[in-house]
Amino acid sequence: MIPTITAFERSPDRGRGLARDMRVRWALEEVGQPYDVRLLSFSEMKESAHRMLHPFGQIPTYEERDLTLFESGAIVLHIAERHAGLLPDDANARARAIAWMFAALNTVEPPIVDRAMAMLLEHDKSWYEERLAILEDRVRVRLGELSSRLGDANWLDDAFSAGDLLMVTVLRRLNGSGVLEKYPNLCAYVARGEARPAYKRAFDAQLAVFTGKPPTSR
Ligand code: GTB
């Protein structure tokens, strides 16, 4: 049975692949699992029918037979556990890849989202510049640590994994910010992720929702 995910009917990022359905689409593309997408307006996300699937009235969700999931990290882990390609077979390497998934979502993403939310919601406040500087410092601390760990490796722990998939999607939120650009190895890491054929298919599919034009075949 083909799983169904939910995504924005009209993403505020205008199809730049920053909404969290992108990481689910990418995971599905990496493992070669076809999927359907149900698009939702903001008001539909808050209706009780959708809240049955997602208690917080958000996207993405994932439905497959009698299983419904929310939380993009849980969905990517589910996909990675049921298909080959996103988690190593070796038990220790698998545990480390899952640790990187948590690191992406629990350690690296929060300061990046805090910065983005401040830029969106607090830019008219008198204390905005001061707060932004503090938030950007927090982002830089994490990027510096991540950059040191990655060094000149291609991926965080040997082969590409769901940990890299999530980390790349998290870092992409900083593309063009001037913050990520101070870490050339992280920029190259993100570019490596974006160059993967599965990433491109996922990106094109979500962009097509915004443009209304079907993705061109490769
Ligand atoms: N922790 C949850 C997960 O990982 O699945 C967070 C889910 C979430 O934040 N979903 C957002 C949502 O549904 C969309 S992705 N928001 C509507 C609401 O809460 O009412 C977040 C997002 C949205 C837009 C951009 N953008 O335009 O750049 C980037 C990220």
Side-chain angles (χ1 to χ4, degrees), residues 3-30 35 37-64 67-81 86 97-123 132 135-136 139 142 161-180 190 193-194 199 202-212:
T4 299
I5 67 167
T6 51
F8 283 134
E9 183 179 68
R10 196 166 177 81
S11 183
D13 73 352
R14 305 172 65 85
R16 286 187 297 142
L18 299 177
R20 288 181 175 87
D21 59 295
M22 177 62 201
R23 50 187 67 162
V24 175
R25 291 173 184 268
W26 185 7
L28 289 163
E29 291 288 354
E30 286 285 349
Y35 60 98
V37 184
R38 192 167 61 253
L39 301 175
L40 298 173
S41 65
F42 275 89
S43 63
E44 285 168 336
M45 281 191 289
K46 305 305 170 193
E47 284 170 12
S48 57
H50 184 63
R51 282 192 193 272
M52 293 288 287
L53 310 179
H54 197 309
F56 309 114
Q58 297 181 312
I59 60 98
T61 57
Y62 176 98
E63 293 158 81
E64 183 191 19
L67 174 68
T68 299
L69 288 174
F70 60 97
E71 284 298 330
S72 57
I75 299 169
V76 170
L77 180 57
H78 171 76
I79 295 164
E81 282 184 325
L86 284 172
I98 293 170
W100 278 117
M101 295 178 72
F102 279 86
L105 302 183
N106 281 357
T107 304
V108 180
E109 186 163 55
I112 293 175
V113 170
D114 286 349
R115 172 185 175 276
M117 295 312 282
M119 292 175 75
L120 188 67
L121 302 174
E122 297 169 356
H123 57 90
L132 186 64
L135 295 176
E136 289 202 337
V139 172
R142 286 292 177 251
S161 79
D164 296 296
L165 185 151
L166 289 179
M167 193 66 83
V168 167
T169 60
V170 163
L171 296 177
R172 283 194 71 249
R173 191 104 182 231
L174 293 168
N175 272 354
S177 64
V179 180
L180 188 67
V190 170
E194 291 173 339
Y199 173 92
F203 183 89
D204 288 353
Q206 63 78 41
L207 178 61
V209 174
F210 185 80
T211 62

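Ligands are counted one by one from 1 in listed order, and the atoms in each one are counted from 1 as well. Sequence positions, counted from 1, serve as the residue numbers for this chain.
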- Task: Consider every N or O of H54 and every N or O of ligand 1, then say whether any pair is closer than 3.5 Å.
- Result: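 In fact, backbone or side chain, H54 has no N or O that close.
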
- P60 heavy atoms, cut-off 4.0 Å: which ligand 1 atoms fall inside?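 Close to P60: 5 (O).
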
- Query: Pick one: which of H123, E122, M119 meets side-chain contact (heavy atoms from CB on, under 4.5 Å) with L132?
  - Reply: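 Single pass found, and it is M119.
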
- Please tell me if the side chains of M22 and Y199 come closer than 4.5 Å, counting only heavy atoms from C-beta onward.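 The answer is yes; the side chains approach within 4.5 Å.
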
- Message: Within the 4.5 Å heavy-atom criterion, are I5 and T61 side-chain neighbours or not?
- Response: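 A side-chain contact under 4.5 Å is absent here.
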
- Query: So do the side chains of S161 and L86 get within less than 4.5 Å of each other, counting heavy atoms only?
  - Reply: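 In short, these two side chains do not touch, never coming nearer than 4.5 Å.
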
- Min heavy-atom dist F56 to ligand 1 below 4.0 Å: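 In this structure, F56 fails to qualify as a contact of ligand 1 - no heavy atom is under 4.0 Å.
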
- Item | Residue, atom name and distance, where the atom is the protein heavy atom closest to atom 27 (O) of ligand 1 |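 Result: D13 N, 3.0 Å.
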
- Message: Just to confirm my output: which protein heavy-atom neighbour is closest to atom 19 (O) of ligand 1, and how far is it?
- Response: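 In this structure, atom 19 (O) of ligand 1 has Q58 NE2, 3.0 Å as its nearest protein heavy atom.
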
- Message: Taking the side chain as everything from C-beta on, heavy atoms only, tell me whether M45 gets closer than 4.5 Å to F42.
- Response: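 When only atoms from C-beta onward are counted, F42 and M45 do touch, with a gap below 4.5 Å.
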
- Task: Work out whether the distance between some heavy atom of S11 and some atom of ligand 1 is less than 4.0 Å.
- Result: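 No, that is not the case, since the closest heavy atom of the residue is not under 4.0 Å from the ligand.
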
- Message: Within the 4.5 Å heavy-atom criterion, are V170 and R23 side-chain neighbours or not?
- Response: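 When only atoms from C-beta onward are counted, R23 and V170 do touch, with a gap below 4.5 Å.
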
- Side-chain heavy-atom pair M167, V108 within 4.5 angstrom cut-off: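 When only atoms from C-beta onward are counted, V108 and M167 do touch, with a gap below 4.5 Å.
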
- Task: Write out the residue and atom name of the closest protein heavy atom to atom 1 (N) of ligand 1, then the distance separating them to 0.1 Å.
- Result: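 Here the closest protein heavy atom is E71 OE1, 2.7 Å.
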
- Give yes or no for whether the N/O distance cutoff of 3.5 Å, strictly under, is met between R173 and ligand 1.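 N/O-N/O distance under 3.5 Å: no.
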
- Query: So is K46 close enough to ligand 1, meaning a heavy atom under 4.0 angstrom away?
  - Reply: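 Yes; K46 lies near enough to ligand 1 that a heavy-atom distance drops under 4.0 Å.
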
- Contact atoms of ligand 1, heavy-atom distance to F8 under 4.0 Å: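 Numbered from 1, ligand 1 contributes 12 (C), 14 (C), 16 (N), 23 (C).
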
- Closest protein heavy atom to atom 5 (O) of ligand 1, given as residue, atom name and distance to 0.1 Å: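 The closest one turns out to be S72 N, 2.8 Å.
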
- Query: atom 8 (C) of ligand 1: which of R23, R20, M117, R172 has the nearest heavy atom?
  - Reply: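 Heavy atom nearest to atom 8 (C) of ligand 1 belongs to R20.
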
- Any N/O of I59 closer than 3.5 Å to an N/O of ligand 1?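 Yes, I59 has an N/O under 3.5 Å of an N/O on ligand 1.
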
- Below 4.5 Å, heavy atoms only, C-beta onward: do N175 and E194 meet side chain to side chain?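 Yes. Closest side-chain heavy atoms under 4.5 Å.
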
- What distance do F8 atom CZ and L39 atom CG have between them, rounded to the nearest 0.5 Å?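 Between F8 CZ and L39 CG, I get 11.5 Å after rounding to 0.5 Å.
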
- Examine R16 against ligand 1 and note whether any of their N/O atoms are separated by less than 3.5 Å.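 By distance alone, the answer is no.
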
